[in-house]
Visitor: 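This is the structure I have questions about; it appears just below.
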Amino acid sequence: MYKILNTVEEDAAQKRDDVYAGKSYSEKEKNREMHCYRSHTCGELRKGNVGEFVRLSGWIHNRRDHGGVLFIDLRDHYGITQVVIYPDRMFQKTIAHLAKETVIRFDGMLANRSDENINSKLPTGEVEVVAESYDILGAAELVPFSIFPEDPAPEDMRLEYRFLDLRRGKLHENILLRSKIIAYMRRAMTDMGFNEFQTPILTSSSPEGARDFLVPSRLHPGKFYALPQAPQQFKQLLMIAGFDRYFQIAPCFRDEDARADRSPGEFYQLDIEMSFVTQEDVFEAVEKLLEGLFNEFTEWKFDKAPFKRIPYREAMLKYGTDKPDLRIPVEIQDVSQNFLKSGFKIFADTVSGGGVARAIAVRGIAGKPRSFFDGMVEFAQSIGSQGLAYLVWNEGNVKGPIAKFLDEQSMTDLTKKLDAKTGDVVFFVCNDEAKANKIAGEIRVKLGKDLDMIEQNAYRFCWITDFPMFEYNEELRKIDFSHNPFSMPQGGMEALTQKDPLEIYAYQYDIVCNGIELSSGAIRNHRPDIMYKAFEIAGYSREQVDEKFGAMIKALSFGAPPHGGIAPGVDRIIMLLANEPNLREVTAFPMNQRAQDLMMNAPCEVTEKQLRELHIRSTEIKA
RNA sequence: GGACCGGUAGUUCAGCCGGUUAGAACGCUGGCCUGUCAAGCCAGAGGUCGCGAGUUCGAGCCUCGUCCGGUCCGCCA
């Protein structure tokens with residue numbers, strides 16, 4: 001191995017050696033002629049450098065004008081160094097009136113600070129540069145929001161002046177963390193024997209899935225490229241091509257509305273595909289990656305491999321969602337049978353009509369004030385529940401709005417089933433299964449937050465497994481794929497021909513951390529015969545399948561290895577590790593929620609000429 | 001497409017029951033100050049209260065509409 005490039009520190013050291021080597025303070029005049037912007041970075045100088053004649057360049061971070069002495073905090077990527085300008089310098093007044101964020105170069109001697117003037121908050125806080133001369137390298141206008149101190153600023157302004165926002169400590173660190181995490185991912189994947197590939201950005205529109213971003217073709221009037229929603233088909237083709245283990249930090253494009261944890265338009269996945277693997281092989285690879293990653297980048301507690309596996313149906317029952325936040329130590333229980341026999345008519349009728357009753361038990365909160373319970377009822381109503389029943393286990397009796405409807409036997413059974421003890425409170429939700437899951441799940445999370453039950457400083461992972469292959473579409477009154485039609489059904493062809501379709505699971509899985517879905521993945525269906533059969537169950541003819549997915553089927557027909565993969569969301573992982581609630585805090589140049597880049601002014605109108613070349617006419621009338 | 005929350009000085013916010021000339025802090029400008037490090041002190045400038053209509057003797061405050069931002073639902077194979 002040989003070295004191609006020096007680090008910044010090495011470069012600076014080199015220049016120092018070249019320019020300053022052996023030179024004393026008396027030679028400073030000569031040094032002023034040197035042709036470089038800095039001898040050191042602003043984070044570098046220490047006691048050992050005292051007495052050296054140094055040159056620093058950076059931004060005016062802050063200044064403190066004492067009339068006599070003037071202090072400038074000079075900032076660059078590497079840190080902050082105090083520059084002091086004494087009144088005998090003619091330029092002191094000029095510097096005192098420069099706008100913050102001016103880019104400036106100072107030359108001067110590095111001096112020791114006296115003990116009482118040491119700033120322990122700065123790594124460079126034991127020294128300061130005594131300015132001899134300066135050069136303004138980049139003038140600055142008054143900034144629209146404060147870089148220092150790092151006060152809150154309106155987000156649309158932060159986006160419009162992103163280059164300023166990125167100077168601020170927290171965001172600067174987050175983006176740096178992003179760089180390090182991605183570098184780690186590349187290293188770890190390569191070490192595990194994966195090869196990185198690039199796949200096309202201009203590709204063809206896929207009929208399934210999210211809304212595509214379309215790019216009009218100049219050479220083929222009326223035809224369009226689509227930006228990839230994910231390199232799904234390409235990575236499978238690479239497996240069929242025999243490359244065995246693929247990964248890519250893959251840009252993905254989906255024209256769907258944004259959320260706090262979902263960027264509008266574009267995002268990155270650590271896209272992974274492996275040949276000759278089972279579901280467990282994929283889990284093992286991802287667990288190894290994530291364990292290493294979290295080990296490297298967090299001080300918090302996190303689950304070690306193997307992560308908990310939770311079948312989809314169990315997750316929906318216990319947590320009311322397929323992306324459970326396991327930091328909340330509460331599980332939902334099914335109590336349908338208890339209410340079926342009970343005297344509580346509303347619940348009994350719902351259950352006998354095919355609905356379910358769910359219980360959320362919280363220990364030791366019987367003493368909560370009435371307003372707490374009213375608040376919970378109100379919350380339940382706001383998310384679409386008729387109301388919210390609850391029982392409170394007090395010393396010797398059970399109270400609550402529904403207590404009077406339950407006979408002694410029902411109450412005894414319920415107490416036993418829920419293992420309810422004095423001081424416990426149980427909330428009840430009764431509805432059709434889908435609604436009951438959703439409402440109970442949200443109440444579980446709300447209780448976790450309001451009662452401060454969410455485990456702090458911890459990352460809790462789980463795999464959600466055994467997603468149903470098919471589901472019944474009430475609207476179209478037919479069987480549909482519930483998620484991905486290209487996943488391998490568990491049991492293969494035999495299951496498709498023998499079992500009730502709604503009982504078939506797919507080799508499909510999600511990985512979830514702290515209630516955030518990091519990724520979906522699957523063992524793919526690599527057999528055309530099983531593919532045709534699966535589509536047949538969902539009501540597609542062989543011809544329809546050929547028309548829509550012909551290219552993929554063709555590729556699978558020439559000797560395809562069993563393969564599978566996953567694609568953890570890079571942005572979301574960074575968001576978790578940076579402990580940020582929003583993707584924009586870990587993205588250098590994000591769009592706003594309405595998919596606009598406020599700095600670059602995208603999307604924007606284009607010229608008539610451009611449109612003509614692309615054979616496009618806009619239906620929007622220009623102002 | 002829908003729901004909720006928000007919009008007052010460059011920024012962060014306060015503004016009581018609808019009642020005099022809309023306040024504070026930071027920033028900015030000027031001045032004072034030789035050791036600060038979120039420097040300090042004094043003075044000053046800075047406002048179409050998002051926009052439009054309505055109710056009222058009177059609207060930052062109430063009503064309706066509208067625009068903008070965020071969060072969520074829909075959507076995200």
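Reckoned from all heavy atoms, side chains included, excluding hydrogens, waters and symmetry mates.
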Visitor: Verify whether one side chain among A/Tyr319 and A/Asp325 offers a donor that lies under 3.5 Å from an acceptor in the other.
Guide: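 Side-chain D/A pair, A/Tyr319 to A/Asp325: absent.
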Visitor: Can you tell me how far P in B/C61 sits from the matching atom in B/U20, rounded to whole Å?
Guide: 14 Å
Visitor: Using the C1' atom on both, measure B/C26 against B/A9 and round to a whole Å.
Guide: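 So the two C1' atoms sit 12 Å from each other.
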Visitor: Is A/Lys438 near enough to B/C73 that one of its side-chain N or O atoms lies under 4.0 angstrom from OP1 or OP2?
Guide: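 Answer is no, no contact under 4.0 Å.
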Visitor: Would A/Phe91 and A/Tyr134 count as a close aromatic pair, with their ring centres under 6.0 Å?
Guide: yes
Visitor: Would one find a side-chain N or O of A/Arg584 under 4.0 angstrom from OP1 or OP2 of B/G69?
Guide: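 No, no such contact exists.
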Visitor: Which word best sums up how the rings of A/Tyr161 and A/Phe145 line up, parallel for under 30°, tilted for 30 to 60°, or perpendicular for over 60°?
Guide: perpendicular
Visitor: Establish whether the base of B/G70 is bridged to the side chain of A/Asp156 by a donor-acceptor pair shorter than 3.5 Å.
Guide: no
Visitor: Could you tell me how far apart A/Lys100 (NZ) and B/G27 (C1') are, to the nearest whole angstrom?
Guide: 7 Å
Visitor: Using the C1' atom in both, what is the distance from B/C67 to B/A77, to the nearest Å?
Guide: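 Between the two C1' atoms, the distance is 36 Å.
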Visitor: Is it the case that B/U36 (base atoms only) and A/Arg113 (side chain only) share a donor and an acceptor within less than 3.5 Å, ignoring hydrogens and angles?
Guide: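 Per atom types, the contact qualifies.
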Visitor: Between B/G70, B/C28, B/G74, which nucleotide has the shortest distance from any of its atoms to the side chain of A/Asp257?
Guide: B/G74
Visitor: Got a donor-acceptor pair under 3.5 Å from the side chain of A/Arg262 to the base of B/C75?
Guide: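 Checked by distance alone, the answer is yes.
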Visitor: Does A/Gln593 place a side-chain N or O at less than 4.0 Å from the phosphate oxygens OP1/OP2 of B/U71?
Guide: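 Checking B/U71 against A/Gln593, a side-chain N or O does come within under 4.0 Å of OP1 or OP2.
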Visitor: Within this structure, what is the CD-to-C1' distance between A/Glu116 and B/A39, rounded to whole angstrom?
Guide: 16 Å
Visitor: Under 4.0 Å between a side-chain nitrogen and a carboxylate oxygen: does that hold for A/Arg64 and A/Asp73?
Guide: yes
Visitor: What is the distance, rounded to the nearest whole Å, between atom CD1 of A/Ile95 and atom P of B/U36?
Guide: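 It is 22 Å, rounded to the nearest whole Å.
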Visitor: Would you mind telling me which of B/G27, B/G70, B/G30 lies closest to the side-chain atoms of A/Glu155?
Guide: B/G70
Visitor: Under the 3.5 angstrom rule, does the side chain of A/Thr587 hit a backbone N or O of A/Leu583 as a donor-acceptor pair?
Guide: yes
Visitor: Does B/G40 have a Watson-Crick or wobble mate here (both distances under 3.5 Å), and if so which one?
Guide: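 Partner of B/G40: B/C32.
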Visitor: For a quick test of reading the model: is some side-chain N or O of A/His66 closer than 4.0 Å to OP1 or OP2 of B/C32?
Guide: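 The answer is no; no side-chain N or O of A/His66 sits under 4.0 Å from OP1 or OP2.
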Visitor: What nucleotide among B/G70, B/C76, B/C37 has an atom nearest to a side-chain atom of A/Asn592?
Guide: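 Between B/G70, B/C76, B/C37, the one nearest the side chain of A/Asn592 would be B/G70.
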Visitor: Mind checking the C1' distance from B/U12 to B/C49? Whole angstroms is fine.
Guide: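 One C1' to the other, the span is 16 Å.
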Visitor: Respond yes when some side-chain nitrogen or oxygen of A/Arg64 is under 4.0 Å from OP1 or OP2 of B/A39, and no when none is.
Guide: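 It does, given that an N or O in the side chain of A/Arg64 lies less than 4.0 Å from OP1 or OP2 of B/A39.
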Visitor: Using only heavy-atom distances, decide whether a donor-acceptor pair under 3.5 angstrom links the side-chain of A/Arg259 to the base of B/G70.
Guide: no
Visitor: Are A/Phe71 and the base of B/U36 stacked, counting only ring centres nearer than 5.5 Å and planes tilted under 30°?
Guide: yes
Visitor: Distance-only, no hydrogens or angles: does the A/Gln508 side chain make a donor-acceptor pair with backbone N or O of A/Met469 under 3.5 Å?
Guide: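 Side chain of A/Gln508 to backbone of A/Met469, a donor-acceptor pair under 3.5 Å: no, none is there.
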Visitor: Of the nucleotides B/U36, B/U29, B/C37, which has the atom closest to the A/Arg63 side chain?
Guide: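 Between B/U36, B/U29, B/C37, the one nearest the side chain of A/Arg63 would be B/U29.
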Visitor: Examine B/G69: is either OP1 or OP2 under 4.0 Å from a nitrogen or oxygen in the side chain of A/Gln596? Give yes or no.
Guide: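 For B/G69, OP1/OP2 do have a side-chain N/O of A/Gln596 under 4.0 Å.
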Visitor: Have a look at A/Glu273 and tell me which of A/Tyr246, A/Phe247, A/Phe234 forms a side chain to side chain contact (heavy atoms under 4.5 Å, CB included) with it.
Guide: A/Tyr246
Visitor: Any idea which of B/U12, B/C68, B/C37 is nearest the A/Asn117 side chain?
Guide: B/C37
Visitor: So does A/Arg211 get a side-chain nitrogen or oxygen closer than 4.0 Å to the phosphate oxygens (OP1/OP2) of B/C76?
Guide: no
Visitor: Taking atom P in both B/C28 and B/U66, what distance in whole Å separates the two?
Guide: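 Here B/C28 and B/U66 have their P atoms 41 Å from each other.
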Visitor: Using purine N1 to pyrimidine N3 plus N6-O4 or O6-N4 for Watson-Crick, or N1-O2 and O6-N3 for G-U wobble, each under 3.5 Å, what pairs with B/G60?
Guide: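 Result: none.
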Visitor: Taking the C1' atom in each of B/C64 and B/A59, what is the distance between them to the nearest angstrom?
Guide: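 Taking atom C1' in both B/C64 and B/A59, they lie 15 Å apart.
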Visitor: Using the C1' atom in both, what is the distance from B/G1 to B/A38, to the nearest Å?
Guide: 47 Å
Visitor: How far does the C1' atom of B/C62 sit from the matching atom of B/G18, given to the nearest Å?
Guide: 8 Å
Visitor: Mind calculating the distance between CZ (A/Phe470) and P (B/A77) to the nearest angstrom?
Guide: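 So the two atoms are 18 Å apart, to the nearest Å.
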Visitor: Is the shortest distance from a Lys or Arg side-chain nitrogen in A/Glu256 or A/Arg211 to a carboxylate oxygen in the other one below 4.0 Å?
Guide: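 Salt bridge between A/Glu256 and A/Arg211, a charged N being under 4.0 Å from a carboxylate O: yes.
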Visitor: Write down the partner of B/C17 under the Watson-Crick or G-U wobble criteria, each distance required to be under 3.5 Å.
Guide: none
Visitor: Looking at B/C75, I'd like to know if its phosphate oxygens (OP1 or OP2) sit under 4.0 Å from a side-chain N or O belonging to A/Arg254.
Guide: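 Result: no.
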Visitor: Who does B/G47 pair with, Watson-Crick or G-U, both distances under 3.5 Å?
Guide: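 Paired with no nucleotide.
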Visitor: Mind checking who B/U71 pairs with, Watson-Crick or G-U wobble, both distances under 3.5 Å?
Guide: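 Per the H-bond distance test, B/A3.
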Visitor: Tell me whether the side-chain N/O atoms of A/Asn62 come closer than 4.0 Å to OP1 or OP2 in B/U36.
Guide: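 Checking B/U36 against A/Asn62, no side-chain N or O comes under 4.0 Å of OP1 or OP2.
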